[in-house]
Every structure is written in C-alpha cells, then in structure tokens.
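See structure below.
Side-chain atoms are counted along with the backbone in the values below, which use heavy atoms only and exclude waters and symmetry mates. In this text the structure is predicted, and so the values were computed from the model without any measurement.
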Amino acid sequence: MTTPTPYYIFRKQAHDFLAKFAKALVSPESNPLLFQVYGFGGVGKTTHLKQVKQTHELQADFAEVSFGLTAGIETPLKLMEKLYELLPKPTGLWRRDLLPKPDPFTSLYDQYQQTVYKLKTQPVQGKSVDTQQQNTVKDWFELGTATLLATGAGYLGDHGTALSLGLDATVKAGGMLSDASQALKPTKERIQELLQEHPATKNDKELQELMLEPIPKLTHAFAQGLIEKTQRHKRSIVLVLDTYEKASSDIDTWLWQYLLEDTPLKSYGVRILVAGRRSILEKESWRKLQQDRDLIYEQRLDEFNKEQTKEYLQHICITKSGEIQKIYKATKGLPYYLNWIKQEKEKGKEIDFSRGNQAITDLLLQGLNLKQKQIVQLAACCRWFDRLLVQYLMQKQEIDFETGVHATIDCFDWLTKCDFVEFVQGHYRLDDVARDVFRLSFCQEDKTRFRQTHELLAKYFEKQANQEVAPDSPEPEKYDNSDWRQYTAEFLYHALFARRNEGQRQFLSHFFASRYLKQLEVVMIPFRAVVAEAAVENYRLLPDSTEKFLKA
C-alpha cells in the first residue's frame, strides 16, 4: 500500500467503502459493479477517490474523468472514447498473423467515425452531397445522443417516448404534447434509406446495424475491450466518474441502461467509481435497476465530527482546545474549509476565530477589503473568466482595474492568485465549493445587485456574439459560427438569472432555432449548467418564474 495522502482522516464511512471496494476487486462476481460516494460539496469525495486510487494503484489501472473539468466527454460515445484513451494500450503480438490483435472497441469506434465522415462528405451514386443528406447525418449522429439512446433502447414503437433532453424536450418546451417517437420515425427512415443507398454502407448489413444503433453496439465493444484488457494485463480496471452531478442525463441513461444493465462487466475485474453530490438511487430508474440486479453500493460522506476535526487540526499544529472548538463551530467540520485553514497556516497567515460561530463565508473572505470581496463575488457569478471579462466588470462597477485591489497588481492577476481559483480548459474559474458559497452570499446580501451583475454578464456575451456575427445576419450564418455559439450559450446562461420572462423567451427562441439549425448545444450548455447548479442550490438563485419555467 502506498503512503496515504497527508492529513487524510479515515472516517468509518471511508473505511467501509474501501473494505467493500477491495472485496470487489478480489471477487468481482459476488460484489457490486458500481460504487458511489456522495455528499455535500467540500465533504471530501474527490479526496476519497484519490485515496482509493492510491490504495489500489498496484493492482488496478484507473481511468478518471471529472464532469465540468475534463474536456470532450459530453456524450456517451465521447465519454467511452476518453476513458479508453486513458487506459494502457495493448501490447504484444497476435500469434495468428503476427500483428497486434484488433482492439474490440477501438476498431469498431474507428469504423463508426470513418463511416459517419463518409456519409457526410461522399455522395450517393449518381447524386451530389445535398442539404438533405447532410441534415440527415447531422440529425442522426451529431445533434445529440437522445435519438441514439432512444432507438437503441427500442423506444421507436407506437407508444414510445424519447429519453433525456432531446426531441422530447423540444416538444414539451413549446407546451405541445406529442408522441416523440413520431418525431423520431422520419429521421430513422431517412437514415435507413441513406445507409441502403450509400456506397460506404449499402452492401454491409452489419455496418448498417452499427450506424442505426451505435450506442448499444459500441458499449458492448467498450465492455469487451475492458474485459480483454483485464485478462491480458492481469490487472483490474477502475473507471472513475467524478463530479457526477454535472453529467448530462444522456450520460446517466447510458450508464445505467447500457453499461451496467446490458453488459457482463460484473463478472470481470472492471469496477466503476462515481462521486457526486446526490445519490444516484434518488432516481427511479436507478432504484429499479438496483432492485432487479443489485449492482450498486453507495456510501454517504458526512462532515468530520469533533474528534476527527481535532485529529486533523493537530496534524497542522493547532492543539489548543479553545481554538479547536472555535474552528469546529465555524467550519462545521467540512474538510474543504479545514484544508483552507491548513493552506492559510502554511502561508504563515493568522486566522481570527474570536467571533466563535462565524460564517464560513466570512472566514474565506477574511483579510480581504470591501473591494476585494466585491471582486470575488462578481467572479463567482461567472462560469469562467479571463482578463477581458474582469476588466469589463471592473469598469461597470467603477473599480480601477490596475490598482483597485492592490497597489502593485491588477484585479485579474490578484484574482487568479486566490487559493479558490483554478485553471480549467483554458479559462479561470472559482472552484465549485467556493463559487457556491460566494454566489449564495452575494444573492442573500443584495439580490438586486446579484441580478444586475448577471445582466451585465448577459450583455457582455451578447456583445461578443454580435461582434462575431452581426445581429442582422441570417440565422444560419450565426449558428454556423462556433465562437458565436459559445458566446450565445454564455449569454443565455446569464439571461436566465437576470431577465425573468424575457430570459425565458430568449431561451425558447434559441431552443427552436438551434434545433432547426442542428446546433442544439447553444441551449443545452446553459440548460445543463443551470440544472446542475439548481440541484445543489435548490433554485435559490433563480427568479421564481424561471424556476417554474425550468421545472416545467
């Protein structure tokens, strides 16, 4: 066993989880396939996953992703590709022909990708690649995964319903009741016709079946590839899905309905680790799976109790009982805050706990002047920020960008040096726990200014989009521009917090336009972000009418 992470405190919950997981690696068939740890933000879920990895890294290969942090895992197919990419590559020769043995997933996924490209760019014999062919391919393969999930699960019957946030949501969002399967049928008929006529697929029934049902077939290949890796390397494989509360409903459906329910992974040395803020068994689909198959073990992590808090603080040389009691009252034993105290102490900073049961927000902001606190709260409203965005906010709030928070460092550089700011996918952002704390405190202190800040941000991204593509340009020109789509997605996110009925109207307008023009991510990015946050914040930051709109 490797050396434990410094200052890691073993709670009984963590002990139980590790013991159960260790048994599953030794005897997979008689133990759960999926292990979930869940609890509040900052309770130590990610740290616990690291401890599991350190404990078993000599006997298992780990492939780890974090939703919201790892790029390129928005759909089940992309997620499978990324996880597979993170695992060791096959070694050795295939004795029959002295070539590396074809990998079941990689070979099938490459064939799928190449065929999609051919269907999109190469014409049917005697014709040219027209708009109808391009739209058919885009509808089926690129618009999202709801259609592929629905067809793979057999939901194209007369009374089926589409899954997740795809076509079904498009219908419902407009207040219309319709059988979503009727909307899917024409698309399936068009793709079937194309597959039968296109030179890349017309004489290959097996390939046609793959293109009609890629998710179930690629998931089986994915599972088979994982099984072969465990047998070849004589090591277990652990797939780690962190911050699962940010995973899309398409991913969630794929995980329980395809990877868990429809593959033989349970009998082999492959296990899945999930960490999120909410139990997956809160959902009826997961509960039914558990009742039928008993594939899941979950463990809630709670804050440290007084003794655990004392043990942690003693590690960092805080030993006075009075000081420990004050810290426990202020932090409620949450590991995130205790770790922050450790970092402050390592920097030689003194923390004032004289006010006893002091709000943790004040603790995190301790030592900051009013301008610095204001900047942190403004940054917490952003999903991400860069120098230009911070300059814009400072100008609108009449804060001097160059010297507003420090005599020798500008506001952006000061902000990026804060402990709770991280650099992810090319942008700076507040970490999830700090952002939750500061946004909620901002809204509670001054809801009007909170809404005004989101309005400023909505205008900023709307202006960025308009500079990318002129507002009077045709809609297809806008939606074909990737930068315009990114800025518009951010605009819609902030408009939902700031503009009440107008924000909802703009969201719906883009919803239908993006669906028609095959660029649904323009609305799905902000929608998924708001829904994921609402699951944590219980909609407290949204206008009441927007809350009802999204729940509808």
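For H48, the ring-ring contact (aromatic ring centres under 6.0 Å, His included) test picks out F17, with sequence neighbours left out. Checked against ring-ring contact (aromatic ring centres under 6.0 Å, His included), F442 has the following partners two or more places apart in sequence or in another chain: F450. Remark: F62 engages no residue in a ring-ring contact (aromatic ring centres under 6.0 Å, His included) (not counting sequence neighbours). Partners of D16 under the salt bridge (charged side-chain N to carboxylate O under 4.0 Å, His left out) rule, at least two apart in sequence or in another chain, are K12. For E502, the side-chain hydrogen bond (donor to acceptor under 3.5 Å, both in side chains) partners two or more places apart in sequence, or in a different chain, are R505, Q506.
Looking at T75, its side chain does come within 3.5 Å of a backbone N or O of K78 through a donor-acceptor pair.
Within 6.0 Å of NZ in K347 there are more than 12 heavy atoms belonging to other residues, nucleotides or ligands. In K246, the NZ atom is crowded: over 12 heavy atoms of neighbouring residues, nucleotides or ligands sit closer than 6.0 Å. By the neighbour-count criterion of 12 heavy atoms within 6.0 Å, atom CZ of F40 is sparsely surrounded, having that number or fewer from other residues, nucleotides or ligands.
Between F438 and F420, the ring centre distance stays below 6.0 Å.
A salt bridge links D250 and R528; the closest N-O separation between the charged side-chain nitrogens and carboxylate oxygens is under 4.0 Å. A salt bridge between E85 and K82 is present, with a side-chain N of the basic residue lying under 4.0 Å from a carboxylate O of the acidic one. With salt bridges taken as basic N to acidic carboxylate O contacts below 4.0 Å, none links E284 and R287. The pair E462-R499 meets the salt-bridge criterion, since a charged nitrogen lies less than 4.0 angstrom from a carboxylate oxygen. In summary, D139 and K518 engage in a salt bridge, as defined by a charged side-chain N under 4.0 Å from a carboxylate O. By the 4.0 Å N-to-carboxylate-O rule, D302 lies close enough to R300 to be salt-bridged with it.
When F385, W384, W484 are each tested for a ring pair (Phe, Tyr, Trp, His ring centres under 6.0 Å) with F461, only one passes: W384.
Inspection of the E74 and S248 side chains reveals no N or O donor paired with an N or O acceptor under 3.5 Å. Inspection of the S249 and D252 side chains reveals no N or O donor paired with an N or O acceptor under 3.5 Å. Of the N and O atoms on the side chains of E533 and Y493, at least one donor lies less than 3.5 Å from an acceptor on the other residue. Under 3.5 Å, the side chains of Q314 and T319 contain no donor-acceptor pair of N or O atoms.
Within the structure, the salt bridge (charged side-chain N to carboxylate O under 4.0 Å, His left out) test picks out the following pairs touching residues 376-386 (sequence neighbours left out): R383-E490.
Heavy-atom minimum distance, V424 versus G68: CG1-O, 4.1 Å. Among all heavy-atom pairs drawn from Q397 and L378, the shortest one is CG-CD1, 3.6 Å. What you find for A14 and L301 is that their closest heavy atoms are N-CD2, 4.4 Å. Contact detail for G42 and L334: the closest heavy-atom pair is O-CG, 3.5 Å. Nearest heavy atom pair, residue Y328 against residue K306, reads CE2-CG, 3.4 Å. Summarising the geometry of L496 relative to G503, their closest heavy-atom pair is CD2-O, 4.2 Å, with the distance given to 0.1 Å.
For the pair R387 and Y428, the NZ or CZ position fails the cation-pi test of under 6.0 Å to the six-membered ring centre and within 45 degrees of the ring normal.
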